Every structure is written in structure tokens, then in C-alpha cells.
Number of protein chains: 2
Amino acid sequence: MAVMELRHLRYFVAVAEKLSFTAAADALGVAQPPLSQQIRDLETEIGTRLLERTTRRVSLTQAGQDFLVRAKAILHSAQDATERAHAIGCGSVGVLNVGLTGSMLAGPLGGLIYKFQETFVGVDIQIHEMSPDKQIAALKSGQTDINFLRTPPQDPDLTSELAWSEGINVVLPKGHSITTESVTLSCLKDEKFVFLRLRDSLFARHILQCCIGSGFYPTISQQAVEAASLTSLVAAGFGVALIPEFVAKLAHANVTYRPVVSPILSADVHALYHLRSGPMARNFLALMRSDAERLATELRQG
Amino acid sequence: MAVMELRHLRYFVAVAEKLSFTAAADALGVAQPPLSQQIRDLETEIGTRLLERTTRRVSLTQAGQDFLVRAKAILHSAQDATERAHAIGCGSVGVLNVGLTGSMLAGPLGGLIYKFQETFVGVDIQIHEMSPDKQIAALKSGQTDINFLRTPPQDPDLTSELAWSEGINVVLPKGHSITTESVTLSCLKDEKFVFLRLRDSLFARHILQCCIGSGFYPTISQQAVEAASLTSLVAAGFGVALIPEFVAKLAHANVTYRPVVSPILSADVHALYHLRSGPMARNFLALMRSDAERLATELRQG
DNA sequence: GCCATTCATACGCTGAGCTTCTTAATGGCG
DNA sequence: CGCCATTAAGAAGCTCAGCGTATGAATGGC
């Protein structure tokens, strides 16, 4: 027993719309006899006549009229399904879940997301703010497709890629004795420091190593979890802090920011994604790379 | 270039639901290699991967997840379309348009329609009241599927079939001199008559012939178009009228009804339908015949 | 490190669907 | 009234799509 295929529907719709087997066969690019046969098979399969035909006239039965509407809808659905799947496969439609820590949007990421949205209007970008320790779990569970963080973990399933590098600023409480436009790390050796929690933050440990490299072990008065909290603690008088350049854009009234010029310090942000992350994530990464290259070129030229 | 067929969807859905080629192949009753090949063809056709597969694990891509939902919907639609078409072909669902004149429902037709509705619950019966001259046009244009009238026309496209026969009653105004339980036609020879318009009504001409056959030419004081109007004209004092038995069921306060027993008169109602009327009409006719037969048997026995 | 399991590939075969040729039927036209 | 053009259906042969069998490659479990 033959089963119904889309071919039967295509043939039937052609005949039903032309009300002629020969015209339909011509339009379909097949000969007339196989068309007649396929229609016959379809009618046998359904168990009722769809077309009433004499040698001079072809007309739809009531069943045929109903079936025509549905057949066209099915063919349309099939076309639509393939187009949608293709679009999703290309990464031009769908939902892209981006995971990041709260302070990350202050840097180039905001503009990057805006540009991506402009290019891929069919993609809905969902931004999930989450603490660094939850990011890996979110990626692995598929909750997010791509995450941005300063501490790329070593995980065989996950790939990390440098997104951008920032300079380091020192945050000084208002009225602090240092008044120079820029500072060196060593002139901070007698200060009290507010740090990110060393246990969690690769960035904090990196800064610590830099201090040691500059010849002193910093006195740590407080440890915070969120980078944005550091500024507030400085404002409250707990000491000074070293923060990524772009976090300093989130200005605070009772502190001042000064770039650290010696040694040259940098805070790296990494894009982290799953090995089998979708095409949207790859498109995002591609845009990110081209954007980084553009920035580098501009810096070189300007 | 191969085109997509329902087979591809069936295969894909099977694999996507089992998340295993071998299990799906087993369920589909085919070997695993052709299944792999069909999936590959489908992916080529769509232009993107739908399934991510290693030798140990099969998983859906984002495109695959979307496509799975749509593929299942399409297969369901196809099944639904065939079932609906089959049902329409059998006459068990659809709309049956019945055309009739206003007074026709008083007879056996009401019960017949009720019984038909009980048997074919999927059929929506639409009753169209219309004047006799519009019935043929309605049938030919497809506006109605089956019509009931007392004057079957001779038309090569239309078939008529005796639906039932009724006796004839005479309608007398209240206080008329005739007081017997039943009357003969000849004892009405000196009455004034209200008739249906002779130009339109085969029934009226039939009655006229019967009067002539009984030895008199009736004095016609008024002619009406609707059978139901005759009773009102009698009540108004325009004379007496001869009407089909079942129309007399529509009782009127100021008249009395008496059967005409000699000669035996009958008013026939015919079912009229198109040569290519649908299966619902045929089902209705079949029920009508069996009902008529049942009535005849009951009459014979009782 | 071996083995079992599973998906992909290779290859030959069967039959479904196609083309061509032909027949039957019907409406239009002279 | 009969011929012809037109159209759907039937017959026969062919081609290739899809299937089955056999085999290979890869991966996770023991």
C-alpha cells in the first residue's frame, strides 16, 4: 500500500488550480499520464474521489474542494518550515542568550550587541546577568549560548577567546593625597586596598601578583564579589581599589579615577562558548573579531 | 535536485523522537542506512544540520528542534486532511443545503431531517426556504444540494424522485353548511375556490383537472402563491380551498379541515437533486427511501 | 586496552514513477 | 450529422531513487 507524499499534494494542487491534467502536467514539467496515475493513487489512498473528470471537463468534488485548501496549507507549511530551519541554521533568526556579569556592559560589549542586533534583525538577544560562578553551569545547561567573563575556566567542553583588553584604573577616595594625573603601582604600596574576593576572581589574583611584582604585598581591608561594589567601598573610606578601565565609566561622586601607567596592567575579558554552540553565537563571535580588528586598525592609524 | 517529501518528515520525526537512528529505523520498519541517507538528503535540501550525531549520541540542533515541531504539525495536518476528505467523500461531514417551500416542513420532512441529523452528526443541514421557481436555479448553481417541491420540472441535469404522497383536505370557513366528516369533490361544485396560481403551480393545475374530472369547473375567486396563504384566504371568506393534507396541520382558528374521500386525490412531493450532487444528498435520499419503505410496511401491517 | 554499540559508507537490486505511444470519449464546427 | 480537435486514461518499457546487506569508523563502558 502506497503512502501519501508531498508529490501527491503538489500534483493535486496543480490539477485543481488549472482544472486540466495536461495544463497541470505541463506546469509541473511531467507528462500527463503519470499525473493521472498519481492523482488516482492519491484518491485510492484517501478513499474518495477528489476530481470529477470527463474528457472535456475537470471539476472538484466537495471532498476535493476541502482537500485543496488543506493541501495548499500543508505545502506552504512545509516550505515555511524549511525556510525557518535554514534561517535558524544560518543564525539569522532565533534567540541568542548572552550571559555576563553586571558591570560588563560598560565596555565595548554594549556597542557590539547593538551592532549585532542591527545586522541580524531576526535574532532576539536575551541578556542574562549572573555571578561568574553560575556562568559555566548556565553555558553547560544550554541556558546561555555565549558568556563574557574575566576568568576563563579550563573546561574541555568550553572554548574561550579574548574579547578585549582594558587598562587598569586606581580608584581614590575624594580628597586623597595623590593628585597626579596618572599613578604607578609602587606609589600605592602603603595604601589599604579593597579587592575582589581572591577565592573567586582570577582578575583579583592577577592584580595581587602584579603588586607583588612591584615589590609590595597589598594590605587588603575588604573583599567584594561584584566589581561595581569596589567603587562604593572606596567611597566609604575602606581604602583604594584597582578596577578595569571601563568599570570606571560608571562614575561615582565621592571618588576619583586615575590610570595606572606603570607597570602596564591589563584586564582581559573573554568570550566563553560551548563547543556545540549554535550558529548565532558563531556569528556574534565573528562580528566581535571583526570589530576588534577594526578597533586595532583605527588605533594603529590614529 | 531532490525535493522534500513526507517520507523525509516521517523519518526525521522518528529519529528526533527516539534520538537514535537504529531505534527509529526499527520503528519505521526500514534498515538504518537508508534512514541515515534520507536524513542527510533532508538536511542537504534544507541547507542546514538538523541532528548533531556522534557514534554514541544523537541530539537536535536548534534548527532541528524548530523543524521537529513543524514536521509533526505537517504530518498531523496531512493525516487530518485525508480523514476529512474521506469523511466528506462518505457524506458524513459537510454542509447539506436543502431547499424547500415554506409549508413543506409540516409533513414527514421534519422528522426525516431530524433522523438524518441523528445519523450523520457531522453534517450541518442548512434549510433554505424559497419560492418554487427559484429552486431549479438554486440547484443548478450549487446553492442547494437537494430540493423538495410538488412540481418536478423536466431537466436533463436534474433527477426527481417521489418523496411522499399526501391526501387532500378541503378547507372550509367556520360555520360552512357542510358538516359531514368527509366530503367528495362533486359536492363542492357550487363553491367559490381559492387556488394556488395556476401559472406557477403544477399542483393547482392537477386539482383543476380533478375538478373537471368530477364534472364541474371550479369558480376561482382568488389565486395565491404560497400554500399556507390559502387557509388565510378561506378564513377571510373568499371561499373554500383544496390543500395537501399536511399543510392542514398548520391549524387555523377560523377554518375547519375535512378529508376529500372521493375521488382519491393525492398531492405528491418530489425530491429533486443534481446529477452530480454530493454523497450527503445521496445519503439523505437513501434514508428517505428506507423511511418511506418503513412507513409503507407499517401501514400494511397496521 | 578490548569490546560492544552506533552511525556512515559502499554496492547491488528492486520497483515506483517517468516517458512515449496509443486508445476512448466528448464537445465544437462545418 | 459526421468529422476533427482535444483531453483523460491505458499499455509498455526504461531509469534511477530508495532499500537491504555487508562493511568500516568512532566512541564510551568495562
Side-chain angles (χ1 to χ4, degrees), chain A residues 1-46 48-61 64 68 75 78 140 155-157 274-276, chain B residues 1-46 48-61 64 68 71 75 140 156-157 275-276:
Chain A
M1 186 64 190
V3 299
M4 192 169 78
E5 295 295 343
L6 288 180
R7 172 171 26 80
H8 294 117
L9 303 187
R10 282 187 277 266
Y11 285 13
F12 170 71
V13 169
V15 175
E17 291 195 329
K18 302 247 178 207
L19 289 177
S20 159
F21 279 72
T22 43
D26 192 45
L28 290 166
V30 296
Q32 168 264 317
L35 183 57
S36 292
Q37 190 175 340
Q38 292 296 316
I39 297 292
R40 234 167 59 110
D41 291 350
L42 177 62
E43 287 175 330
T44 304
E45 164 77 12
I46 290 177
T48 193
R49 281 248 140 170
L50 299 174
L51 293 160
E52 209 58 61
R53 42 213 189 257
T54 68
T55 55
R56 305 303 293 177
R57 186 178 295 272
V58 175
S59 63
L60 286 161
T61 63
L68 174 60
L75 291 172
K140 289 206 166 187
D155 192 304
D157 288 346
H274 204 273
L275 272 180
R276 4 182 181 278
Chain B
M1 186 63 189
V3 299
M4 192 169 77
E5 294 295 343
L6 287 180
R7 172 172 25 80
H8 295 117
L9 303 187
R10 282 187 277 265
Y11 285 13
F12 170 71
V13 169
V15 175
E17 291 195 329
K18 302 247 178 205
L19 288 177
S20 159
F21 279 72
T22 45
D26 193 44
L28 290 166
V30 297
Q32 169 264 317
L35 182 57
S36 293
Q37 189 174 342
Q38 292 296 315
I39 297 291
R40 234 166 65 106
D41 291 350
L42 177 62
E43 289 175 329
T44 304
E45 164 76 12
I46 290 177
T48 193
R49 282 247 140 173
L50 299 174
L51 293 160
E52 211 57 62
R53 43 212 188 258
T54 68
T55 56
R56 305 302 292 177
R57 188 178 294 271
V58 175
S59 62
L60 285 162
T61 63
L68 174 60
L75 291 172
K140 288 205 164 189
D157 288 346
L275 273 178
R276 5 182 180 277

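Bear in mind the structure is a predicted one, so any value in this text is a computation, not a measurement. Chain naming here is simple, since letters A, B, ... match the order of the sequence lines and numbering starts at 1 in each.
Listed in residue order, the members of residues 3-11 of chain A having a heavy atom less than 4.0 Å from DNA chain D come to none. Across residues 18-36 of chain A, A:Gly29, A:Val30, A:Ala31, A:Pro33, A:Pro34 each have a non-hydrogen atom less than 4.0 Å from an atom of DNA chain C (numbered order).
Looking at residues two or more places apart in sequence or on another chain, you find a ring-ring contact (aromatic ring centres under 6.0 Å, His included) between A:Phe12 and A:Phe67.
Within the model, atoms CG of B:Leu42 and CZ of B:Arg49 stand 11.5 Å from one another, a figure rounded to the nearest 0.5 Å. The CD atom of A:Gln38 sits 11.0 Å away from the CG atom of A:Leu9 when rounded to the nearest 0.5 Å.
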Atom pairs, N/O to N/O, protein against nucleotides 3-5 of chain C, distance under 3.5 Å?
residue, atom, partner, partner atom, Å
C:dT5, O2, B:Arg56, NH1, 2.6

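Note: CG (B:Asp41) to P (D:dG18) measures 7 Å, nearest angstrom. A:Gln37 places its CD atom 16 Å from the P atom of C:dT20, with the value rounded to the nearest Å. In this entry the distance linking CD of B:Glu43 with P of C:dC7 reads 13 Å, nearest Å. Here D:dG18 presents its P atom at 13 Å from CD1 of B:Ile39, a figure rounded to the nearest Å. Taking atom CZ of B:Arg40 as the reference point, atom P of D:dC19 lies 15 Å away to the nearest angstrom. Rounded to an integer number of Å, the gap from CD of B:Glu45 to P of D:dG18 is 11 Å.
Closest heavy-atom contact between B:Ala2 and B:Glu45: O-OE1, 2.7 Å. Minimum interatomic distance between B:Ala16 and B:Leu60 (heavy atoms only, all atoms of both residues): CB-CD2, 3.8 Å. Taking all atoms of both residues into account, the shortest heavy-atom contact from A:Asp41 to A:His8 is CB-NE2, 4.3 Å.
Using a 4.5 Å heavy-atom cutoff, the side chains of A:Asp26 and A:Thr22 are not in contact. Considering only heavy atoms from C-beta on, B:Ile39 comes within 4.5 Å of B:Val15 through its side chain. With contacts defined as side-chain heavy-atom distances shorter than 4.5 Å, the pair A:Val3/B:Leu6 does not qualify.
Each of A:Thr54 and A:Ala2 was matched to the nucleotide of DNA chain C holding its nearest heavy atom; the match closer to the 5' end belongs to A:Ala2.
An OP1 or OP2 oxygen of D:dA17 is reached within less than 4.0 angstrom by no side-chain nitrogen or oxygen of B:Gln38. Close to C:dT6, at under 4.0 Å from its OP1 or OP2, lies no side-chain N or O of B:Arg57.
A salt bridge (charged side-chain N to carboxylate O under 4.0 Å, His left out) check over residues 52-61 of chain A, counting only residues at least two apart or in different chains, returns the pairs A:Glu43-A:Arg53. Sorted by first then second residue, the salt bridge (charged side-chain N to carboxylate O under 4.0 Å, His left out) pairs that include residues 10-20 of chain B, not counting sequence neighbours, are A:Glu5-B:Arg10, B:Glu17-B:Lys72.
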